Amino acid sequence: MKRVLPPLNALRAFEAAGRLGSFKDAAAELHVTHGAVSQQIRLLETWLGASLFERHNRRVVLTPAARAYLAHVTPLFEQLARATAGYGIAEPMARTLSVNAPATFTLRWLVPRLAEFRARHPDVDVRVETSNEPVESLKDSHDVIIRGGPDTFYGYSMRPFLTEERVPVGSPALLRRVPLRNPVDLGQHTLLHTSSLPRLWPDWLAQAQIPALRPVATLTFDHFYLTVQAAIDGIGIAMGPTALVSDDLAAGRLVAPFAAPRLPSRSYCTYVPEGQSANEMVGLFRAWLEEEGSAALSQAHGMA
């Protein structure tokens with residue numbers, strides 16, 4: 001007879017939250033975020049088709065049915081812990097996945113989404129290092145390397161997961177003060193540049209058929225994330241990669257005033273050493289990146 005079991009990570013989150021009476025304390029015990037616990041609880045509630053907690057402002061209380069369920073679940077976890085301890089294993093060691101990615105991508109896209117991966121795979125520890133070095137120039141080995149592409153490197157498998165375009169973006173407050181009704185109005189603004197991407201504005205202005213436009217001023221930063229932050233702070237208008245500013249556009253921190261033109265850009269890809277291609281953690285991480293990339297593309301199309 002086939003066993004019908006709930007999602008075990010979600011059950012573990014429920015047991016800890018119910019026993020401790022707090023999502024926050026459960027997150028600390030399980031070494032995950034408060035949001036990850038909340039998400040796992042929602043997953044279990046969906047699976048069961050019933051609410052488990054009553055939400056009262058900042059505290060949660062078990063429903064009567066959930067309290068009875070917890071009375072059965074907690075002894076099972078304790079029995080499992082005792083059985084595991086009988087093998088001399090106090091706690092399973094977490095598996096570590098080494099990821100190398102560009103700093104701006106890591107800061108603006110990867111980090112805000114990592115809690116979701118950790119919620120799904122709490123037994124996988126992700127160690128992220130940032131670098132813009134070419135794949136073949138990296139001195140240390142990594143399980144997953146994220147770079148632009150698609151490119152081909154000997155000894156690596158490549159898979160794209162996130163596409164983007166580049167468009168002008170600015171803060172809503174700035175655009176209320178100095179509206180951008182058409183591209184010519186950019187002449188009334190400060191244009192924000194990134195030293196490593198000097199052709200972005202000239203190429204966009206050429207496509208907008210105003211290559212000779214002279215802005216009020218220009219300001220150049222050495223890192224792209226500084227350029228984007230300056231745009232959020234209302235200092236000027238930046239050329240924003242749609243993937244890396246999608247969260248800011250969705251939250252209303254930035255506005256993309258023009259539907260066109262849109263500069264094409266290279267995709268983000270995962271490059272994995274051939275010896276790691278069959279690694280389960282690598283497969284999980286790649287699949288998650290591709291799922292998140294697809295969701296980001298749908299979001300971008302919805303805002304276009």
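All values derive from a computational prediction rather than experimental measurement.
Interatomic distance, CG of Leu205 versus CG of Leu191, reported as 6.5 Å (0.5 Å rounding). Note that CD1 of Ile41 and OG1 of Thr46 are 11.0 Å apart. Values are rounded to the nearest 0.5 Å. Residue Met239 holds its CE atom at 4.5 Å from CG of Leu263, rounded to the nearest 0.5 Å. To the nearest 0.5 Å, atom OG of residue Ser171 and atom CG of residue Asp233 are 8.5 Å apart. To the nearest 0.5 Å, atom CG of residue Leu80 and atom CZ of residue Arg12 are 10.0 Å apart. Note that CG of Asp248 and CZ of Arg108 are 4.0 Å apart. Values are rounded to the nearest 0.5 Å.
Of all heavy-atom pairs spanning Ser51 and Thr63, the tightest one is O-OG1, 3.5 Å. Smallest separation of non-hydrogen atoms from Ala10 and Leu43: CB-CD2, 4.2 Å. The shortest non-hydrogen separation linking Gln207 to Pro261 is OE1-CB, 3.6 Å. Between Pro7 and Leu44, the shortest heavy-atom distance links the atoms CD-CD1, 4.4 Å. Closest heavy-atom contact between Gly252 and Pro172: O-CG, 3.1 Å. Taking every heavy atom of both residues into account, Thr96 and Met281 meet most closely at O-CE, 3.3 Å.
Under a hydrophobic-cluster definition in which Ile, Leu, Val, Met, Phe, Trp and Tyr are linked whenever side-chain heavy atoms come within less than 4.5 Å, directly or via other members, Leu180 and Val178 are assigned to different clusters. Under the 4.5 Å side-chain heavy-atom criterion for grouping Ile, Leu, Val, Met, Phe, Trp and Tyr, Ile232 is not connected to Tyr225 through any hydrophobic cluster. A continuous path of ILVMFWY side-chain contacts below 4.5 Å connects Trp204 to Val245, so both sit in one hydrophobic cluster. Side-chain heavy atoms closer than 4.5 Å link hydrophobic residues (I, L, V, M, F, W, Y) into clusters, and following such links, even through other members, never connects Leu197 to Leu107. Criterion: ILVMFWY side-chain heavy atoms under 4.5 Å apart, direct or through other members. Under it, Trp47 and Phe77 are part of a common hydrophobic cluster.
The main-chain N or O of Thr270 is found under 3.5 Å from a side-chain atom of Arg286 such that the two form a donor-acceptor pair. Side chain of Trp109 to main chain of Ser246: no donor-acceptor pair is present (N/O by atom type, distance under 3.5 Å, no hydrogens or angles). A donor-acceptor contact shorter than 3.5 Å is absent between the side chain of Asn9 and the backbone of His121.
Here Arg113 pairs with Asp247 in a salt bridge; the nearest charged N to carboxylate O distance falls below 4.0 Å. By the 4.0 Å N-to-carboxylate-O rule, Asp125 lies close enough to Arg118 to be salt-bridged with it. A salt bridge between Glu291 and Arg120 is present, with a side-chain N of the basic residue lying under 4.0 Å from a carboxylate O of the acidic one.
Side-chain contact annotation: Asn100 with Arg147, donor-acceptor N/O pair under 3.5 Å present.
Val135 forms part of a hydrophobic cluster together with Leu138, Ile145, Phe153, Tyr156, Met158, Tyr271, judged by ILVMFWY side-chain heavy-atom separations under 4.5 Å.
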* Are Glu15 and Leu70 close enough, and set up right, to give a side chain to side chain contact (heavy atoms under 4.5 Å, CB included), and what steps lead you there? -> CA-CA 6 Å; Glu15 192 279 332; Leu70 181 68; 4.1 Å; yes
* Would you sort out whether Thr130 and Thr106 count as a side-chain hydrogen bond (donor to acceptor under 3.5 Å, both in side chains), showing the intermediate values? => CA-CA 7 Å; Thr130 61; Thr106 301; over 6 Å; no
* I would like to know whether Glu164 and Thr242 meet side-chain hydrogen bond (donor to acceptor under 3.5 Å, both in side chains); could you show each step before the answer? => CA-CA 5 Å; Glu164 68 179 5; Thr242 51; 5.1 Å; no
* To do: Test Ile146 against Leu289 for side chain to side chain contact (heavy atoms under 4.5 Å, CB included), laying out the working first.
  => CA-CA 10 Å; Ile146 297 174; Leu289 284 174; 4.1 Å; yes
* Test log, rule side chain to side chain contact (heavy atoms under 4.5 Å, CB included), inputs His189 and Leu174 -> CA-CA 9 Å; His189 284 269; Leu174 175 62; 3.9 Å; yes
* Please report the C-alpha distance between Asp143 and Val272 in whole Å, then the side-chain angles of each, then the deciding distance to 0.1 Å, and finally whether the side chain to side chain contact (heavy atoms under 4.5 Å, CB included) criterion is met. => CA-CA 6 Å; Asp143 300 315; Val272 171; over 6 Å; no
* Quick one: do His142 and Ser98 satisfy side-chain hydrogen bond (donor to acceptor under 3.5 Å, both in side chains)? Show the steps, please. => CA-CA 5 Å; His142 301 278; Ser98 173; 2.9 Å; yes
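Ring planes of Phe53 and Phe23: perpendicular class, angle over 60° (limits at 30 and 60°). Using a 30° and 60° split on the angle between ring planes, Tyr268 and Phe161 fall in the tilted class, from 30° to 60°.
Residues Leu244 and Thr104 have side chains in contact (heavy-atom distance under 4.5 Å, counting atoms from C-beta outward). Residues Phe258 and Asp185 fail the side-chain proximity criterion, which asks for heavy atoms closer than 4.5 Å. Contact check for Phe14 versus Leu62: side-chain heavy atoms found under the 4.5 Å cut-off. In this structure, the side chains of Val99 and Val126 come closer than 4.5 Å at one or more pairs of heavy atoms. Between Arg262 and Arg166, every side-chain heavy-atom pair lies at or beyond the 4.5 Å cut-off. Between Tyr69 and Val73, the closest side-chain pair of non-hydrogen atoms falls below 4.5 Å. Under the 4.5 Å side-chain criterion, counting only non-hydrogen atoms from C-beta, Pro168 is in contact with Ile237. Residues Pro160 and Pro150 form no side-chain contact, since every pair of their non-hydrogen atoms from C-beta on lies 4.5 Å or further apart.
Shown are Val282, Val128, Leu284; of these, the side chain to side chain contact (heavy atoms under 4.5 Å, CB included) with Leu97 is made only by Val282. A side chain to side chain contact (heavy atoms under 4.5 Å, CB included) with Phe224 is found for exactly one of Ser195, Pro241, Pro102, Ser196, namely Pro241.
Between Phe221 and His223, the ring center distance fails the sub-6.0 Å criterion.
Screening residues 186-202 for salt bridge (Lys or Arg N to Asp or Glu O under 4.0 Å), with sequence neighbours left out, gives Arg199-Asp203.
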